[in-house]
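Since the structure is predicted, the reported quantities are computational estimates derived from the model, not experimental observations. Order of the sequence lines sets the chain letters (A, B, ...), proteins ahead of strands, with each chain counted from 1.
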Amino acid sequence: MSSAPRVRIAPSPTGYFHVGTGRTALFNWLFARQQGGSFILRIEDTDTARNRDEHIDGILRALEWLGLDWDEGPYYQSQRSHLYSSAIDLLIESGAVYACDCPPEEIQRRAKERGGPPGYDGFCRDRGLEPSSGRMLRFRVPAGESGFTDLVRGEVPKNNKDLEDFGVRKSNGDPLFILANVVDDADMSITHVIRGEDHVSNTHKYLLLWDALGYGEWPEFAHLPLLYNDQRKKLSKRRDKVAVEDYRDEGYLPEAMVNYLALLGWSPGAEREIVTREEMISGFRLSDVKSAGAIFDERKLQSVNSEYLRALPTDELVERAQAWLLGRWAPIAGLVQERARTLGEIYTLTDFLYRPDPVIDDAEWDKAVAKTPAFEALLSGVLTRFEQVEWDAESIQQAVVDAGRDAGVEQVGKAQAPVRLAVTGRPVGPPLWQSLEVLGRDRTAARIRAGLSRLHPGS
RNA sequence: GGCCCCAUCGUCUAGUGGCCUAGGACACCACCCUCUCAAGGUGGAGGCACGGGUUCGAAUCCCGUUGGGGCUGCCA
């Protein structure tokens, strides 16, 4: 194939955008960009019962968020039914398909009776039923072999006897996925079909149809290994967090998500983990894609995301976090930046600035503060000093150090602990002195007073 | 059940017959740094599923076993 490659991503409107679809889209996009080809978006909405406009909108926004721009489309299969109809007419004419009126229960019953494998048994093959409405259409699978060569996995053999007569049109007249898929790939001159491994067995049927329709030279195929959960099962909506929009909403950066997704099944080479888009485009090879599946590990995603977060100019970070929280935390943004793994986590680290009062866990308080008698004197010493010192990080630090010394708590690390818990409600967080400076003298003092009375509920 | 695919540390991977007493990253452990937590630094534990071949030589090639996965819809 000497002309510019044409590839496509063909999601169906299921209500969310699966990370696996995102990975497939990315690999298609990388291939197209590197080869100077076209990346085409086609919505596979032949199942009219499931279609919803907002689902389609979700697909477009997810693709945009990931930065995977398409060159053509979106095309909608629901608007191309005339193409499928004429293809079906052709198949009827040539006798490549036949009508079938077996109810699904009947097919199942016969399979059970037969004791053999489940699936259709060709019952209507030679009944000569008219292809009238109310009857589905099945492809008459010929004897022979339907093997093909896959760009990532090599030869994929198949004996046609292991293929049942699959449906190409529903009894309500709608085309089935496999038919629409083939017709559109031919019509759109798709040169490389890059999709998930769960489609390999569809490919044999695809090719049979392709030939029956006289489309000529086959496209190339590349089947990508699947993404699994930690149980090594295909990532599924039911058990797993699979929606790209969920990761977006938690504050993962699209560039980090793309980087992580690229690492699943492909590698930029030894000792590299963080890769720019340009490097991905220039280094990507379909032949380098692994054929074994990969587990989607959110901890690694977090780590990649942290790297991208820390690499951001701090003012840009503040800007991009606007959707999660207001900019009140900006003065300590640089300190928060290296501690947050997602934009959403920034709030956890800075919520003491946003809440009217800290939420203090009783058990935590008892363990970290109440058990140490000296901390009472420490806190009141801190309070006294806080009311007098200049309100800047350095003075705040000095006040805590001095109060600690007077209370017999020499180590600063120890002395800051009760102050931190009383004021922020958490045992850990960004550096305390700067945090208190931003919080302000009055709110800080009030919280320490509250801590003191927590020590002595009566007084 | 049938058909097909896959197999390097817990996870993602490098490795395409000698450079491998198998390298990196995440996660984990220890230490250093340090106002906590991170970040950073140093060190550590941890893997070629198993069994046969082929070869002077196998993580790399072949066969088998085991394990895992996918498909098997009038969903896509």
Side-chain angles (χ1 to χ4, degrees), chain A residues 10-14 21 44-47 49-50 77 100 102-104 107-108 111 115-120 135-138 150 153-154 156-159 161-164 166-174 176-178 180-181 195-202 204 223 225-226 228 230-234 260 263-274 290-304 306-307 310 335-341 349 368 393 396-397 400-401 404 411-417 419-421 424 426-435:
Chain A
S12 60
T14 50
T21 310
E44 307 226 316
D45 53 355
T46 53
D47 190 355
R50 293 190 187 181
Q77 289 190 328
C100 167
C102 298
I107 295 172
Q108 264 183 22
Y120 187 64
R135 287 172 181 162
M136 73 175 302
L137 254 29
R138 290 184 179 276
D150 189 283
R153 45 217 319 122
V156 186
K158 173 69 86 177
N159 191 318
K161 73 174 167 53
D162 297 318
L163 251 28
E164 56 194 84
F166 55 93
V168 300
R169 193 184 72 181
K170 302 184 199 180
S171 52
N172 71 1
D174 285 345
L176 250 358
F177 149 80
I178 186 78
N181 197 245
R195 60 196 339 185
E197 185 193 304
D198 48 347
H199 282 292
V200 290
S201 59
N202 281 328
H204 302 98
H223 286 95
L226 260 25
Y228 298 113
D230 53 11
Q231 310 294 312
R232 276 217 177 273
K233 296 274 189 271
K234 188 163 83 157
Y260 176 66
L263 260 25
L264 263 19
W266 175 75
S267 168
E271 339 239 312
R272 296 285 326 269
E273 306 290 333
I274 302 299
K290 289 230 317 178
S291 43
I295 290 176
F296 187 94
D297 180 11
E298 189 172 0
R299 290 176 305 177
K300 178 98 178 218
L301 206 212
Q302 281 176 343
S303 159
V304 172
S306 301
E307 294 230 28
R310 275 182 266 127
L335 301 172
V336 173
Q337 184 165 21
E338 63 191 27
R339 293 171 167 78
R341 291 174 301 185
L349 289 162
I396 291 167
Q397 171 177 15
V400 173
V401 170
Q411 294 172 16
V412 193
K414 271 213 170 73
Q416 60 90 39
V419 180
R420 178 185 295 278
L421 195 62
T424 72
R426 296 182 189 276
V428 300
L432 190 59
W433 327 135
Q434 289 91 334
S435 297

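The CD atom of A:Q337 sits 13 Å away from the P atom of B:G40 (whole-angstrom rounding). Between the C1' atom of B:G70 and the NZ atom of A:K233 lies a distance of 11 Å, rounded to the nearest Å. Atom pair A:K300:NZ and B:G24:P shows a separation of 13 Å (rounding to whole Å applied).
Looking at heavy-atom distances under 4.0 Å, A:V412 makes contact with sugar-phosphate atoms alone, never a base. If you check every strand for non-hydrogen atoms under 4.0 Å, A:P430 touches a base. Contact annotation for A:R341: no contact, since no heavy-atom pair falls under 4.0 Å across all strands. Backbone-only contact: A:R232 has heavy atoms under 4.0 Å from sugar-phosphate atoms and none from a base. In this structure, A:E164 reaches the sugar-phosphate backbone alone: every heavy-atom distance under 4.0 Å involves primed, P, OP1 or OP2 atoms, never a base. Within 4.0 Å (heavy atoms only), A:D174 reaches no atom of the nucleic acid at all. If you check every strand for non-hydrogen atoms under 4.0 Å, A:A417 touches nothing. Among the heavy atoms of the strands lying under 4.0 Å from A:L432 is at least one base atom, whether or not backbone atoms are also near. Counting any heavy atom pair closer than 4.0 Å across all strands shown, A:Y228 reaches sugar-phosphate atoms only and no base atom. The residue A:E298 sits apart from the nucleic acid: no heavy atom pair falls under 4.0 Å. Among the protein residues, A:K234 comes within range of the sugar-phosphate backbone only, with heavy atoms under 4.0 Å from sugar or phosphate atoms but none that close to a base. Among the heavy atoms of the strands lying under 4.0 Å from A:H199 is at least one base atom, whether or not backbone atoms are also near. Counting any heavy atom pair closer than 4.0 Å across all strands shown, A:S171 reaches a base atom. Contacts of A:G196 with the nucleic acid, taken as non-hydrogen atoms under 4.0 Å apart, are absent.
Here the nucleotide nearest the side chain of A:R310, chosen from B:U13, B:A39, B:G70, is B:A39. Checked against B:A39, B:A14, B:A76, the side chain of A:S267 finds its nearest nucleotide in B:A14. Comparing B:C4, B:G70, B:U36 against the side chain of A:V428 picks out B:U36 as the nearest. Of the candidates B:U13, B:C4, B:A7, the closest approach to any side-chain atom of A:S291 belongs to B:A7. Checking B:C6, B:A27, B:C74 against the side-chain heavy atoms of A:S303 singles out B:A27 as nearest. Set against B:C12, B:C35, B:G70, the side chain of A:P431 has B:C35 as its closest nucleotide.
When both distances must be under 3.5 Å, the Watson-Crick or G-U wobble mate of B:A58 does not exist. Using the Watson-Crick or G-U wobble rule with both distances under 3.5 Å, B:C74 pairs with nothing in any strand shown. Of all nucleotides present, only B:U66 satisfies the Watson-Crick or G-U wobble test against B:A7, with each distance under 3.5 Å. Base pairing annotation: B:C31 forms a Watson-Crick or G-U wobble pair with B:G41, both donor-acceptor distances under 3.5 Å.
Using a 5.5 Å limit on the distance between ring centres and a 30° limit on the angle between planes, the aromatic ring of A:W433 counts as stacked on the six-membered base ring of B:C35.
The distance between the ring centers of A:F166 and A:Y120 does not fall below 6.0 angstrom.
Between the A:S12 side chain and the A:T14 main chain, no donor and acceptor come within less than 3.5 Å of each other. A donor-acceptor contact shorter than 3.5 Å is absent between the side chain of A:E307 and the backbone of A:V304. Although no hydrogens or angles enter the test, the distance criterion places a donor-acceptor pair under 3.5 Å between the side chain of A:H204 and the main chain of A:V156.
Mapping A:W266 and A:R272 onto RNA chain B by nearest heavy atom places A:W266 closer to the 5' end of the strand. Checking A:R339 against A:F177, the closest nucleotide of RNA chain B that is more toward the 5' end is the one next to A:R339.
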5' to 3', nucleotides 41-49 of chain B under a 4.0 Å protein heavy-atom cut-off (B base, S sugar-phosphate only, - none) gives ---------
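In this structure A:R339 satisfies the salt bridge (charged side-chain N to carboxylate O under 4.0 Å, His left out) test with no other residue, sequence neighbours excluded.
When the C1' atom is used for both B:G2 and B:U60, the distance is 33 Å, rounded to whole Å. If you take atom P in B:C31 and the same atom in B:G57, they sit 48 Å apart, rounded to whole Å.
The shortest heavy-atom contact between A:G293 and A:Y228 is CA-CE1, 3.4 Å.
A close approach under 4.0 Å does not occur between any side-chain nitrogen or oxygen of A:T46 and OP1 or OP2 of B:C75. Side-chain nitrogen and oxygen atoms of A:R299 include none within less than 4.0 Å of the OP1 or OP2 phosphate oxygen of B:A25.
A:L163 is listed as a side-chain neighbour of A:K158, based on a closest heavy-atom distance under 4.5 Å.
Residue A:E273 places a side-chain atom within donor-acceptor reach of the base of B:G24, judged by atom type and a 3.5 Å distance cut-off alone. Under 3.5 Å, the side chain of A:S201 and the base of B:C71 form no donor-acceptor pair of N or O atoms.
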